[in-house]
K.L.:
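Here you go, one structure.
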Amino acid sequence: MAGIERKTNSFDIDNYLDRIINEPSKIFKNREVMSSTYVPQSLPHRDEQIKKIFQVLAPVLQPGNRTISNLFLYGKSGTGKTAVTMFVLQHIKKKCIEYNINNVKQCVINCRHIDTSYRVFARLCEFIGIEIPFTGLPTDIVYDRFKTELEKFKNGILIIVLDEIDQLLKKNKVNKTPNKALYLLTRINSFLKNARIHLIGISNDLNFKNYLDSRILSSLSEEEIVFPPYNSIELEDILRERAKMGLYEGVLDEGTISLAAAMAASEHGDARRAIDLLRVAAELAERNNCKKITQDHVREAIKNIEHDKIKDAIETLPIQSKLVLLGIFFLEEKNYADNTTGDVYSAYIELCNKLSLISPLTQRRVSDLINELDMLGLINAKIVNLGRHGRTKKIKLNISRQSIIDMIVDDASLHPILNYKLKYKKE
DNA sequence: CCTCCACCGGAAAGCCGGGTCA
DNA sequence: TGACCCGGCTTTCCGGTGGAGG
């Protein structure tokens, strides 16, 4: 170790961290409450929906063998579908304990992550206590095991919530057996003697119903509830309620809540976004040692959220998609505008060759990647007709140059093309 | 008015790495 | 061990298409 002098920081890190950890927040009373996934004790402006769900589900609490309808909830994101459902289920659970009812169980499945028939049944099996391998078994077998195990659940009622149910269709469309899980689940009751299941489907996608097989649809939406978007006044109420629980009194500057509410309302009345906005604004205020959360913090929060979203989207991109993105970037670096799929593909191939380790994909595949990037909002791809010159897409970058440069710097495998100049020439 | 470009995008099938089961 | 399954990614094949230019 001789000769190597240990560099010390000019301040005491340990002490500093201790102070950060232990110093009570001057802004947050309860951080958890300010998270958009938190289910509060009351949900403003959703009384009607809550009542209706209770009405539909109430029979599970009543004696006798009442039939229960399946339930279908739809509305845009952040309209409280999930929160209301969780809220109602929590109350039902409480009542079950109170009345000593032990034959009702609830299983919540988020179809964004569990998005194939196989995984839905695997998750259900896991819920009722059967171990199912991640893969390897035929779906039918998993279904059978679930059914058999469920039969042992005497007079049982299993409430299954399928959140973001539309995700189930998107992937399965490729398969030959579209929405097999939904089909089987909607019919399963007629094969069960001792137990019953009850489905609650939740969808963000208003068009979802159109894609669905009519038999499944009629079974699934025996009861339907629509969740309208919140307007900005309602969002203000929601934010005020949260702020009362999560923030200290007096930390909110005049107009802060109104602005956050108005911002979220201008999109489509998304409460989740409104809450996130307020939380990030509060975090900014805290970090800057401000006593109050101001409108400026809200504006800053919007920028931050947007930036984080882009950064996150880029970072998690697979290498091939990154190369496609870079292809577009380098074309624009050469001041080429109106780049078509063909241009981008050529640039992409060139970059692949430069990074000799990556074998290029076909144009068909790259075309799909372009669509994905478009959906992520990282690029803009518009189909245009150039008459004699065919039909293609005009592709434009939709993010800052800096974001792309950051991406190259952050990913070691891309370093060889730092400062690269494209050889490709248009026309 | 017709042609024909340069791609679009659906369908199907292949490959691979994960697994089960007898 | 071999037959078989799942899911994700990819290739192969191919019919389709809106409008500038002839």
Side-chain angles (χ1 to χ4, degrees), chain A residues 109-126 129-149 164 166-185 207 210-211 213 313 316-325 327-328 331 336-353 355 357-376 379-396 413 424-427:
Chain A
I109 297 178
N110 188 325
C111 304
R112 180 182 293 274
H113 308 114
I114 299 174
D115 57 1
T116 64
S117 297
Y118 182 89
R119 288 216 258 268
V120 168
F121 287 122
R123 175 74 184 82
L124 287 170
C125 282
E126 191 193 319
I130 322 170
E131 285 290 317
I132 293 290
F134 182 67
T135 170
L137 293 177
T139 307
D140 299 0
I141 301 291
V142 185
Y143 167 71
D144 280 342
R145 288 192 191 171
F146 169 64
K147 208 171 66 179
T148 320
E149 188 64 26
E164 304 195 48
D166 39 311
Q167 297 293 325
L168 225 45
L169 280 202
K170 287 190 179 133
K171 294 229 170 173
N172 266 344
K173 251 209 262 179
V174 186
N175 283 352
K176 261 196 160 174
T177 51
N179 46 68
K180 194 172 184 175
L182 289 182
Y183 180 70
L184 291 173
L185 281 176
N207 292 321
N210 303 338
Y211 302 121
D213 182 296
T316 54
L317 239 37
I319 184 73
Q320 299 284 11
S321 299
K322 284 184 180 177
L323 284 172
V324 174
L325 198 57
I328 303 163
L331 283 168
Y336 287 149
D338 291 344
N339 295 305
T340 66
T341 305
D343 297 327
V344 172
Y345 187 63
S346 307
Y348 158 81
I349 293 281
E350 195 179 322
L351 294 177
C352 284
N353 292 337
L355 299 170
L357 287 175
I358 286 126
S359 51
L361 302 172
T362 54
Q363 182 161 336
R364 176 70 185 82
R365 180 68 188 133
V366 168
S367 168
D368 278 345
L369 294 184
I370 289 172
N371 286 341
E372 280 168 31
L373 292 173
D374 187 24
M375 286 216 285
L376 286 171
I379 63 171
N380 235 316
K382 239 197 207 147
I383 298 178
V384 286
N385 280 297
L386 272 35
R388 188 42 53 107
H389 302 293
R391 187 174 207 237
T392 180
K393 278 190 181 120
K394 263 193 202 166
I395 301 159
K396 261 193 313 200
S413 59
Y424 174 72
K425 283 212 166 61
K426 282 184 88 166
E427 268 104 330

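Letters go in sequence order (proteins before strands), and every chain restarts at 1. Not measured: the values here are computed from a predicted model. Any value given below was found using the heavy atoms of this structure, including those in side chains, with hydrogens, waters and symmetry copies removed.
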K.L.:
Would you say A:Lys393 and A:Asn371 are linked by a side-chain donor-acceptor pair, where the criterion is simply a distance under 3.5 Å?
P.N.:
yes
K.L.:
Compare all side-chain heavy atoms of A:Leu323 with those of A:Leu355 and state whether any distance is below 4.5 angstrom.
P.N.:
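A:Leu323 vs A:Leu355: side chains touch.
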K.L.:
Using a 4.0 Å cut-off on heavy atoms, which residues in residues 131-140 of chain A reach DNA chain C? List them by number, or say none.
P.N.:
A:Thr135, A:Gly136, A:Leu137, A:Pro138, A:Thr139
K.L.:
Within the 4.0 Å heavy-atom criterion, would you say A:Asp368 contacts the bases, only the backbone, or no part of the nucleic acid?
P.N.:
nothing
K.L.:
NA contact type, A:Ile383, heavy-atom cut-off 4.0 Å: base, sugar-phosphate, or nothing?
P.N.:
sugar-phosphate
K.L.:
Ignoring the backbone of A:Thr340, work out which of B:dC7, C:dT11, B:dC8 is nearest its side chain.
P.N.:
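Looking only at heavy atoms from C-beta outward on A:Thr340, the closest nucleotide is B:dC7.
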K.L.:
CZ of A:Arg119 versus P of C:dC5: gap in Å, rounded?
P.N.:
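Nearest whole value for this atom pair: 18 Å.
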K.L.:
Please confirm whether any donor atom in the side chain of A:Arg364 sits under 3.5 Å from an acceptor in the base of B:dG9, or the reverse.
P.N.:
yes
K.L.:
Does the distance from a Lys or Arg side-chain N to an Asp or Glu carboxylate O, for A:Lys396 and A:Asp374, drop under 4.0 Å?
P.N.:
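No, no charged N to carboxylate O under 4.0 Å.
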K.L.:
OP1 or OP2 of C:dT11 less than 4.0 angstrom from a side-chain nitrogen or oxygen of A:Thr362, does that happen here?
P.N.:
yes
K.L.:
A:Arg391 has an atom CZ; how far is it from atom C1' of C:dG15, in whole Å?
P.N.:
13 Å
K.L.:
Between A:Asn385 and C:dA20, is there a contact of a side-chain N or O with OP1 or OP2 at under 4.0 Å?
P.N.:
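So the side chain of A:Asn385 is outside the cut-off, no N or O lying under 4.0 Å from OP1 or OP2 of C:dA20.
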K.L.:
Tell me: CD of A:Glu372 to P of C:dC9, nearest whole Å?
P.N.:
8 Å
K.L.:
Closest approach to the side chain of A:Arg388, judged atom by atom: which nucleotide of B:dC5, B:dC8, C:dT10 is it?
P.N.:
B:dC5
K.L.:
What is the separation between atom NZ on A:Lys394 and atom C1' on C:dG19, rounded to the nearest whole Å?
P.N.:
14 Å
K.L.:
Mind telling me whether A:Phe146 and A:Phe121 have parallel, tilted or perpendicular rings, with 30° and 60° as the class edges?
P.N.:
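A:Phe121 and A:Phe146: tilted rings.
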K.L.:
Distance check needed: B:dG9 C1' versus A:Leu369 CG, whole Å only.
P.N.:
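Rounded to whole Å, this separation is 14 Å.
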K.L.:
Please report the distance, rounded to the nearest Å, between CZ in A:Phe121 and C1' in B:dG19.
P.N.:
19 Å
K.L.:
Does a side-chain heavy-atom distance below 4.5 Å link A:Tyr345 with A:Ile370?
P.N.:
no
K.L.:
Kindly indicate whether the side chain of A:Tyr348, heavy atoms from C-beta on, has any atom under 4.5 Å from the side chain of A:Gln363.
P.N.:
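A:Tyr348 does not reach A:Gln363 side chain to side chain.
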K.L.:
Under a 4.5 Å cut-off applied to non-hydrogen side-chain atoms, are A:Lys180 and A:Tyr118 in contact?
P.N.:
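They are not in side-chain contact.
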K.L.:
If only side-chain N and O atoms count, and only distance matters, is there a donor-acceptor pair under 3.5 Å linking A:Asp343 with A:Ser346?
P.N.:
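There is no such pair (donor and acceptor under 3.5 Å, judged by atom type) between the side chains of A:Ser346 and A:Asp343.
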K.L.:
Tell me which nucleotide among B:dC8, C:dG7, C:dA20 gets nearest to the side chain of A:Tyr118.
P.N.:
C:dG7
K.L.:
Report the residue (A:Thr341 or A:Leu386) whose heavy-atom-nearest nucleotide on DNA chain B is the more 5′ of the two.
P.N.:
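Comparing both residues, the 5'-ward one is A:Leu386.
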K.L.:
Expressed in angstrom and rounded to an integer, what is the separation of A:His113 atom NE2 from C:dG8 atom P?
P.N.:
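Atom-to-atom, A:His113 to C:dG8, this comes out as 13 Å.
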K.L.:
Expressed in angstrom and rounded to an integer, what is the separation of A:Asp374 atom CG from B:dC8 atom C1'?
P.N.:
14 Å
K.L.:
Checking contacts here: which listed nucleotide (C:dG7, B:dC8, C:dT10) is nearest the side-chain heavy atoms of A:Lys393?
P.N.:
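Side chain of A:Lys393 sits closest to B:dC8.
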